[in-house]
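Heads up, the thing below is written out as structure tokens.
No hydrogens, no waters, no symmetry mates; every other heavy atom, side chains included, goes into these values.
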Amino acid sequence: MLGAGTIAQAIARHAIRLGHEVVLSNSRGPDSLAPLVKDLGALASAATPAEAAAADLVVLAVGWPQIPDVAARLPRLDGTVVIDATNQFASPPPQLRIADLGDLTGSEYVASLLPGARVVKAFNSLFARYIAPDPRHAAGRQVLFLAGDDADAKNTVIGLTSAFGFAPVDLGSLREGGRLIQLGGPLSGLHVLKQD
């Protein structure tokens with residue numbers, strides 16, 4: 001986990017529930033995460049961002065303005081699946097401003113900062129309060145939209161999030177699919193259930 005806020009914690013709890021080891025990191029250092037690690041239990045630990053990025057799968061869940069600095073401090077992530085859970089908030093509410101990336105989607109920009117990584121956009125279109133609980137409901141499973149340019153990476157994320165209980169929906173590439181779920185896209189903030 002690159003980041004240890006509400007989104008990262010929600011995803012971490014799902015992973016731990018399935019028996020996965022989770023390594024959390026933030027900009028303040030591993031010691032600042034001791035209370036959270038204790039709360040998460042034996043499968044959780046804290047490390048530097050560079051150490052956390054050595055995991056089999058990495059979740060990027062930091063504030064948009066911090067992404068370039070975080071990316072610059074990481075080793076090359078050749079072949080690593082990176083779930084990009086970020087949104088391009090140049091400034092957060094109440095003075096909400098969306099970063100102007102020209103023709104790029106948010107995840108295309110993120111991918112450009114992480115050469116070699118296999119970036120999959122996911123979790124960014126859901127509020128944390130919809131990610132944290134069990135995604136299985138009496139009426140169906142919480143839909144999780146995702147997008148990416150690497151089919152195998154998407155399949156890895158689909159398998160993991162299906163095991164969490166979500167109903168993943170592949171929207172295609174980072175360009176086309178990413179545009180649908182990034183800030184201002186028609187599926188951003190859309191919380192829906194898939195009937196089983």
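Using a 4.5 Å heavy-atom threshold, the side chains of His20 and Leu160 count as touching. Looking at Arg118 and Thr80, their side chains never come closer than 4.5 Å, going by heavy atoms from C-beta outward. Leu60 places none of its side-chain heavy atoms less than 4.5 Å from the side chain of Gln66. Under the 4.5 Å side-chain criterion, counting only non-hydrogen atoms from C-beta, Glu176 is not in contact with Leu171.
Under a hydrophobic-cluster definition in which Ile, Leu, Val, Met, Phe, Trp and Tyr are linked whenever side-chain heavy atoms come within less than 4.5 Å, directly or via other members, Leu180 and Val119 are assigned to different clusters. A chain of hydrophobic side-chain contacts below 4.5 Å, direct or via other Ile, Leu, Val, Met, Phe, Trp or Tyr residues, connects Val169 to Leu190. Leu146 and Met1 fall within the same hydrophobic cluster, where Ile, Leu, Val, Met, Phe, Trp and Tyr residues are linked whenever their side-chain heavy atoms come under 4.5 Å apart, directly or through other members. Residues Leu18 and Leu40 share a hydrophobic cluster, clusters being chains of Ile/Leu/Val/Met/Phe/Trp/Tyr side chains in contact below 4.5 Å. Val22 is connected to Ile83 through a chain of hydrophobic side-chain contacts under 4.5 Å among Ile, Leu, Val, Met, Phe, Trp and Tyr, so both are in one cluster.
With hydrogens and angles ignored, the 3.5 Å screen pairs a side-chain donor or acceptor of Gln9 with a backbone N or O of Ala4. Put simply, the side chain of Lys121 gets close to the backbone of Thr86: a donor and an acceptor are under 3.5 Å apart. Looking only at distances, no side-chain donor or acceptor of Arg141 sits under 3.5 Å from a matching main-chain atom of Pro168. Of the possible polar contacts, one joining the Ser32 side chain to the Gly29 backbone as a donor-acceptor pair under 3.5 Å is found. Checked by atom type and distance alone, the side chain of Asn26 never pairs as donor or acceptor with a backbone atom of Leu33 at under 3.5 Å.
Between Ser107 and Leu174, the closest heavy-atom pair is CB-CD2, 3.6 Å. Closest non-hydrogen pair, Ile67 versus Val62, comes out as CG1-CG2, 3.8 Å. Closest approach of Ala53 and Leu74 over heavy atoms only: CB-CD2, 3.8 Å. Shortest non-hydrogen contact noted between Ala128 and Thr6 is CB-OG1, 3.6 Å. Scanning all heavy atoms of the two residues, the minimum distance from Val120 to Lys154 falls at CG2-N, 4.0 Å. Scanning all heavy atoms of the two residues, the minimum distance from Val58 to Ala52 falls at CG2-O, 4.2 Å.
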>> Before you tell me yes or no, could you show the steps for Ser45 and Val23 under side-chain contact (heavy atoms from CB on, under 4.5 Å), namely the whole-Å CA-CA distance, both residues' side-chain angles and the distance that decides it to 0.1 Å?
In response: CA-CA 5 Å; Ser45 62; Val23 181; 3.6 Å; yes
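For the atom pair CG (Leu2) and OG (Ser25), the distance works out to 4.5 Å, reported to the nearest 0.5 Å. Going from atom CG of Leu187 over to atom CZ of Phe145 covers 4.5 Å, rounded to the nearest 0.5 Å. Note: Leu114 CG to Asp84 CG = 8.5 Å, rounded to the nearest 0.5 Å. Here the OG1 atom belonging to Thr105 is positioned 8.0 Å from the CD atom belonging to Gln88, to the nearest 0.5 angstrom. Summarising the geometry, atom CG belonging to Leu144 is positioned 9.0 Å from atom OG belonging to Ser162; distances are rounded to the nearest 0.5 Å. Atom CG of residue Asn87 and atom CD1 of residue Ile98 lie 9.0 Å apart, to the nearest 0.5 angstrom.
Heavy-atom neighbours of Asp78 CG from other residues, nucleotides or ligands within 6.0 Å: above the threshold of 12. In the displayed structure, Arg73 atom CZ is contacted under 6.0 Å by at most 12 heavy atoms of other residues, nucleotides or ligands.
A salt bridge links Asp103 with Arg175: at least one charged nitrogen is closer than 4.0 Å to a carboxylate oxygen.
Counting only residues at least two apart or in different chains, salt bridge (Lys or Arg N to Asp or Glu O under 4.0 Å) contacts with residues 18-35 are absent.
Tyr130 belongs to a hydrophobic cluster whose other members, connected by ILVMFWY side-chain contacts under 4.5 Å either directly or through intermediates, are Phe127.
Note on ring orientation: taking the six-membered ring where Trp is involved, the planes of His14 and Phe166 are perpendicular (angle over 60°, cut-offs 30° and 60°). The aromatic rings of Trp64 and Tyr109 sit tilted, their planes meeting at an angle between 30° and 60°.
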